[in-house]
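Here is how names work: the chains are called A, B, and so on, in the same order as the sequence lines, proteins then strands, and each is numbered from 1.
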2 protein chains.
Amino acid sequence: MDAHASDTLPSDDLGERLTRSIARIYRRLRAERTSGELGDAAMSVLGHLHRYGPTTLTALSEHERVTAASMSQTVNRLVGLGYVVRETDPADGRRVLFTPTPDGHRVAGDARARRHAWLDAQLAERTPEERAALAEAARVLWEMAEG
Amino acid sequence: MDAHASDTLPSDDLGERLTRSIARIYRRLRAERTSGELGDAAMSVLGHLHRYGPTTLTALSEHERVTAASMSQTVNRLVGLGYVVRETDPADGRRVLFTPTPDGHRVAGDARARRHAWLDAQLAERTPEERAALAEAARVLWEMAEG
DNA sequence: TATTGTTATACTCTATAACTATA
DNA sequence: TATAGTTATAGAGTATAACAATA
């Protein structure tokens, strides 16, 4: 294939550069993240439960910025695959707590390792200054996503 | 809702922080980017054509990192909506060039302005040092996505 | 034969609307 | 009434497999 103008980063405003870079690296990471069985969203949810433990449906949906109805279907798939168990909160019968099974923890751990292999290799090739900029950007982007 | 551990940025390794921040800001930007008519992927393709002009199917699919079959359906929607025209390359009958219609250019321009409103407001609240880190990160992430 | 693109089919992800159950 | 969650349904986005057209 020919070289295209599309393969160069636009040099005008910061907002444009950021959105395009974020979309581009996200698509790249998505390919590393997903396994055969689990898509991007389900893997993200399983990773959250693996890391933080029992979480309600509403909390999951707010964290992932999707509707509760959408999240309900995503966790249903995880339950169906045997990676997550659904339990009613003893303290509030309306709430449901989702928790990974041992299988779920294993899959989440494996996926995290696999997903990080590519990124860590990329980071190792960067200068300390570049890594510092990425660390700072990670913090700032996280805060911006809150707002 | 309660405060959750999920609302704090993990402080261990850079790779983990980056992937989580990128996924989080991507989901946030996606909500700003999509209009009623066009989803994330279609808007991204239209934006590419708006910016760079006539492009082949294969070039589009490689740039967006999806299969040619998937891209064929995405551009089909854009053609159906009257935002893109499909023309056979006179120099190579196998190739198809996609080009925005005037309507397509208008929609792409409007969407870009709308999408940037939120981000530019966020950026304006940051320090010059933070913006510099974001600019550097945008460059580095773009290069990493290539590899 | 190789390259370019399309169609058929299926799955994931998401949304809105309507619903049940608990507080 | 308000909150938490589910189900039904529809549409976007993606993938693989099978195919047609052109080089």
- Message: Rounded to whole Å, please give me the gap between CE in A:M71 and P in C:dT16.
- Response: 15 Å
- Message: With a 4.0 Å cutoff (strictly under), does any side-chain N or O of B:N76 reach OP1 or OP2 of C:dT7?
- Response: yes
- Search all heavy atoms of A:L14 against all heavy atoms of B:L134 and return the closest pair with its distance. CD1-C, 4.2 Å
- Expressed in angstrom and rounded to an integer, what is the separation of B:E37 atom CD from D:dG13 atom P? 12 Å
- Message: Minimum heavy-atom separation for B:M71 and B:S61, please, with both atom names.
- Response: CB-CB, 3.8 Å
- Message: Would you say that B:R86 contacts B:N76 through its side chain, given a criterion of any heavy-atom pair below 4.5 Å between the two side chains?
- Response: yes
- Would you mind checking if B:R112 and B:D120 are paired as a salt bridge, meaning a charged N to carboxylate O distance below 4.0 Å? no
- May I ask you to evaluate whether B:T58 reaches the phosphate of C:dG5, defined as a side-chain N or O under 4.0 Å from OP1 or OP2? yes
- Query: Within this structure, what is the CG-to-P distance between B:L60 and D:dT14, rounded to whole angstrom?
  - Reply: 12 Å
- Message: Just the rounded figure in Å: distance from C1' of D:dT14 to OH of A:Y26.
- Response: 12 Å
- Could you state the atom-to-atom distance from CG of B:D89 to C1' of D:dT22 in whole Å? 12 Å
- Message: Can you measure A:L46 atom CG to C:dT12 atom C1' for me and round it to whole angstrom units?
- Response: 16 Å
- Message: Need to verify one output field. Residue with the more 5' nearest nucleotide on DNA chain C, A:S70 or A:A91?
- Response: A:S70
- Give the nucleotide from the list C:dT14, C:dT7, D:dG13 with an atom nearest to the side chain of B:S72. C:dT7
- Message: Please confirm whether the shortest side-chain N or O distance from A:T67 to OP1 or OP2 of C:dT14 is below 4.0 Å.
- Response: no
- Note on the structure: Between CG of B:D40 and P of D:dG11 the distance, given in whole Å, is 19 Å
- C:dT6 phosphate, OP1 or OP2, under 4.0 Å from B:R86 side-chain N/O: yes
- Does B:R24 count as lying over the ring of A:W142, i.e. NZ or CZ under 6.0 Å from the six-ring centre, within 45 degrees of the axis? yes
- Message: With a cut-off of less than 4.0 Å, is there a side-chain N or O of B:R95 near OP1 or OP2 of D:dA23?
- Response: no
- Query: Which comes earlier along DNA chain C counting from the 5' end, the contact point of A:V66 or that of A:G93, where each point is its nearest nucleotide?
  - Reply: A:V66
- Residue whose closest nucleotide on DNA chain D lies nearer the 5' end, A:A69 versus A:D92: A:D92
- Task: Let me know the distance between CG of A:L78 and C1' of D:dG5, rounded to the nearest Å.
- Result: 16 Å
- Distance test, side-chain N/O of B:R94 to OP1/OP2 of D:dA20, below 4.0 Å: no
- Comparing A:R27 and A:L97 on DNA chain D - which has the more 5′ nearest nucleotide: A:L97
